[in-house]
Structures are given as structure tokens and as C-alpha cells.
Amino acid sequence: MRFSLRQMEVFRAVMLTGSIKGASKLLFTSQPALSRIVAHTENTLGLALFRRLKGKLVPTVEAEALYREVNHCYEHVLRIDEFARGLVSGQSGTLNLACSPALSRGVVAATITAFVREYPNIQVNFVQTLLNGMAQEVLSKKVDLGISVLPLEHPNLRVETFLEGRMVCVVPRGHALARKRRVSLADLGGHPLIAHHPNIPFGQLVASAFDKAGVVMRVSVHIHQTDMACSLVRAGAGVAVVDEFTMAGMAWPDVQVLPLAEDILLYPSVVRSVFDTGSSHADKFIELLRKA
């Protein structure tokens with residue numbers, strides 16, 4: 001570089017103070033050292049930056065023009081310095097999150113809200129990811145942290161449960177089953193069922209519970225997203241077994257949520273790579289998530 005950052009710093013200090021003496025006090029550097037830097041700068045740039053008049057340095061027209069650019073650059077350098085210090089203290093930066101749709105509207109939305117209030121200079125990038133894609137998101141480092149509605153099994157993932165939940169029954173308001181305090185899977189056997197597709201984890205979980213209870217599922221519609229199940233229930237297409245987190249995170253005035261007699265348990269988990277060296281931002285988020 002013909003004009004190094006150190007030369008810019010010295011040039012700016014001289015422009016601000018009007019003398020080598022003043023610049024030496026500002027930069028805590030000896031006057032002879034600064035004089036050499038100024039002379040070297042003029043030589044390398046091929047410009048006369050100052051005229052010496054009665055012990056003072058008077059900037060040339062070229063120096064005035066150069067100063068405007070240098071000052072703009074210096075302000076940017078200061079912002080970078082502040083950003084770097086923020087990284088050390090963990091107060092700025094970016095947190096990339098992937099989350100199961102079932103958790104995104106309730107517990108995770110509440111945690112993100114608490115996080116951005118406490119750490120306003122940390123930007124959160126938040127995406128919804130299905131369970132079959134979350135491992136890849138985490139291991140490829142596209143995200144710092146995954147939050148799954150069910151534990152993931154992978155040798156290169158660290159998975160820690162932070163909550164327990166259940167599947168629940170959803171019926172149209174006023175439905176015959178709505179009079180029951182608890183609905184059994186046998187009760188559901190007599191009604192058309194809106195169920196998650198058997199190729200996805202929710203579908204496999206529910207199908208296993210019906211099989212264990214010895215009840216045949218009368219599936220009328222297979223779905224992949226829980227909110228679609230709720231829309232179909234609302235329209236009268238049948239009843240559904242869905243996760244409690246989706247129901248807690250959305251308002252469905254025309255449907256009724258009923259507990260199941262049989263426990264179909266969910267274990268929402270934090271998902272991180274075993275190769276993760278640690279992210280202070282992710283740690284902060286997990287701490288708030290456990291409090292939510």
C-alpha cells in the first residue's frame with residue numbers, strides 16, 4: 001500500500017491538531033517519529049500535504065481533499081473496532097437458527113423476542129426446517145443451532161431435550177367427542193382421521209400409538225403440516241391428532257383441543273454439531289429457551 005493505515009492515522013492526527021506536537025500527544029508517539037512518517041507519506045504519495053509556516057503545518061488543497069476520504073475511512077475503522085470488541089463481549093453479531101414448524105410460533109417465538117430485547121445488537125436469522133433436513137442444516141454450518149420438536153439421531157449431533165410435550169386431539173367445536181374430558185385412541189377409531197403422512201416422524205409416532213392400542217386408523221386425509229390438519233378439522237373433514245405446541249401457538253376459534261387418554265410424548269430438543277467449538281450467542285439463546 002502506498003498509503004498505509006498507520007500513515008492515515010498520523011495524517012489525520014496532524015490535520016486535527018494542526019501540528020506534529022499536537023499529533024504526538026494525541027497518538028502518544030514521539031515528534032521525530034511522526035515527522036518521519038509525514039515526510040515518508042509525502043514521498044510515497046508524491047504529494048505535498050503541508051506547508052511549513054512559522055512552526056505550523058498548513059494543509060494543502062490536496063491534503064484537505066485527502067482528509068475527507070481518510071476521515072470517512074477512519075470512522076468505518078472505528079465501527080469495525082467496536083464490532084470486534086462486541087464480539088469479544090458477546091454483545092453483537094449474528095445468530096442463525098433452524099426450528100421445527102411446530103415450535104416456531106410458540107416457545108421459540110417467545111424466546112426470540114426475549115433474546116432480541118436483551119441483545120439488540122445480535123441479529124437473528126430464523127428459518128423453519130423439517131426434521132428430515134435439520135441435521136444437514138446444522139452439520140453444514142448453515143445454522144448455529146437447531147431446535148427440533150423430536151430428538152434427532154445422528155452420530156455427529158449433540159441433542160439435548162429441554163421440554164416435554166404431548167400430542168392432542170383436535171375436533172370441530174360442538175363435535176360429539178368434545179363432551180369428553182379425555183379422548184382415547186379407541187374413541188377416534190370411529191371417526192375419519194386427518195393424520196400426518198406415515199413417511200414423516202409425526203405420522204410414524206401416531207401410527208405406532210394406534211398400533212400399540214390395537215386401534216385401526218380410519219385416515220381420510222394425509223397431511224404434512226399441522227396447520228393444514230387444523231384447517232381441515234375446522235372445515236369438518238374429520239378429527240386430528242396433532243402436537244400441543246402448534247395449537248398453543250395459533251388461534252383456532254372454531255376447533256377444540258382435547259387431551260388424549262394415551263400419552264404420545266414429544267421431547268423438543270436443542271441440536272448442535274459435535275464439531276461445534278461453541279457459540280456464545282447460541283449459549284445465550286439456549287439459556288433463555290430453557291426459561292421460556
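We count residues from 1, following the sequence as given. Keep in mind it's a predicted model, so treat the numbers as computed, not measured.
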**Q** Going by salt bridge (Lys or Arg N to Asp or Glu O under 4.0 Å), name the pairs with one or both residues in residues 229-253, residues two or more places apart or in two chains.
**A**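 Residue pairs passing salt bridge (Lys or Arg N to Asp or Glu O under 4.0 Å), neighbours aside: Arg234-Asp254.
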
**Q** Other than Tyr267, which residues form its hydrophobic cluster under the rule that side-chain heavy atoms must be closer than 4.5 Å?
**A**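 Tyr267 shares its hydrophobic cluster with Leu265.
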
**Q** The criterion is ring-ring contact (aromatic ring centres under 6.0 Å, His included); which residues satisfy it with Phe285, sequence neighbours excluded?
**A**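 Residues passing ring-ring contact (aromatic ring centres under 6.0 Å, His included) with Phe285: Phe115.
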
**Q** With no hydrogens and no angle check, do the side chains of Asp187 and Ser184 hold a donor and an acceptor under 3.5 Å apart?
**A**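 A pair is found: one side chain offers a donor N or O, the other an acceptor, under 3.5 Å apart.
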
**Q** Taking salt bridge (charged side-chain N to carboxylate O under 4.0 Å, His left out) as the test, write out the residues that go with Arg6, two or more places apart.
**A**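 Once residues adjacent in sequence are excluded, the partners of Arg6 under the salt bridge (charged side-chain N to carboxylate O under 4.0 Å, His left out) criterion are Glu9.
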
**Q** Just by distance, do the side chain of Ser231 and the backbone of Ala229 share a donor-acceptor pair under 3.5 Å?
**A** no

**Q** Within the 4.5 Å heavy-atom criterion, are Val255 and Val171 side-chain neighbours or not?
**A** no

**Q** Any chance the side chains of Asn71 and Glu69 put a donor and an acceptor closer than 3.5 Å?
**A**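 No - no donor-acceptor pair under 3.5 Å links their side chains.
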
**Q** Ignoring hydrogens and geometry, is there a side-chain-to-backbone donor-acceptor pair from Arg158 to Val274 under 3.5 Å?
**A**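 Such a contact is absent between Arg158 side chain and Val274 backbone.
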
**Q** Scan residues 134-184 for pairs that pass ring pair (Phe, Tyr, Trp, His ring centres under 6.0 Å), counting only residues two or more places apart or in two chains.
**A** His175-His191

**Q** Is the shortest side-chain heavy-atom distance between Leu130 and Pro101 below 4.5 Å?
**A**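 Yes, at least one pair of side-chain atoms sits under 4.5 Å.
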
**Q** Taking the side chain as every heavy atom from C-beta outward, state whether Leu131 and Phe202 have any pair of such atoms under 4.5 Å apart.
**A**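 No, every pair of side-chain atoms sits at 4.5 Å or beyond.
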
**Q** For the pair Lys291 and Glu287, find out whether any cationic side-chain nitrogen is under 4.0 Å from an anionic carboxylate oxygen.
**A** yes

**Q** Can a donor-acceptor pair be found between the side chains of Thr226 and His196 at a distance below 3.5 Å?
**A**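 His196 and Thr226 do have a side-chain donor-acceptor pair below 3.5 Å.
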
**Q** For residues 32-50, run the donor-acceptor check on the side chains, cut-off 3.5 Å, and write out each pair with its distance to 0.1 Å, sequence neighbours left out.
**A**
residue: Ser35; atom: OG; partner: Gln31; partner atom: O; Å: 3.1
residue: Thr41; atom: OG1; partner: Gln7; partner atom: NE2; Å: 3.2
residue: Thr41; atom: OG1; partner: Ile37; partner atom: O; Å: 2.7
residue: Glu42; atom: OE2; partner: Leu49; partner atom: N; Å: 2.8
residue: Glu42; atom: OE2; partner: Phe50; partner atom: N; Å: 3.2
residue: Asn43; atom: ND2; partner: Ala39; partner atom: O; Å: 3.3
residue: Thr44; atom: OG1; partner: Arg2; partner atom: O; Å: 3.3
residue: Thr44; atom: OG1; partner: His40; partner atom: O; Å: 3.1
residue: Thr44; atom: OG1; partner: Thr41; partner atom: O; Å: 3.0

**Q** Under 4.0 Å between a Lys/Arg side-chain N and an Asp/Glu carboxylate O for Glu262 and Arg182?
**A** no

**Q** So, Arg272 and Asp144, do they make that salt bridge, N to O below 4.0 Å?
**A**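 Salt bridge flag = no for Asp144 with Arg272.
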
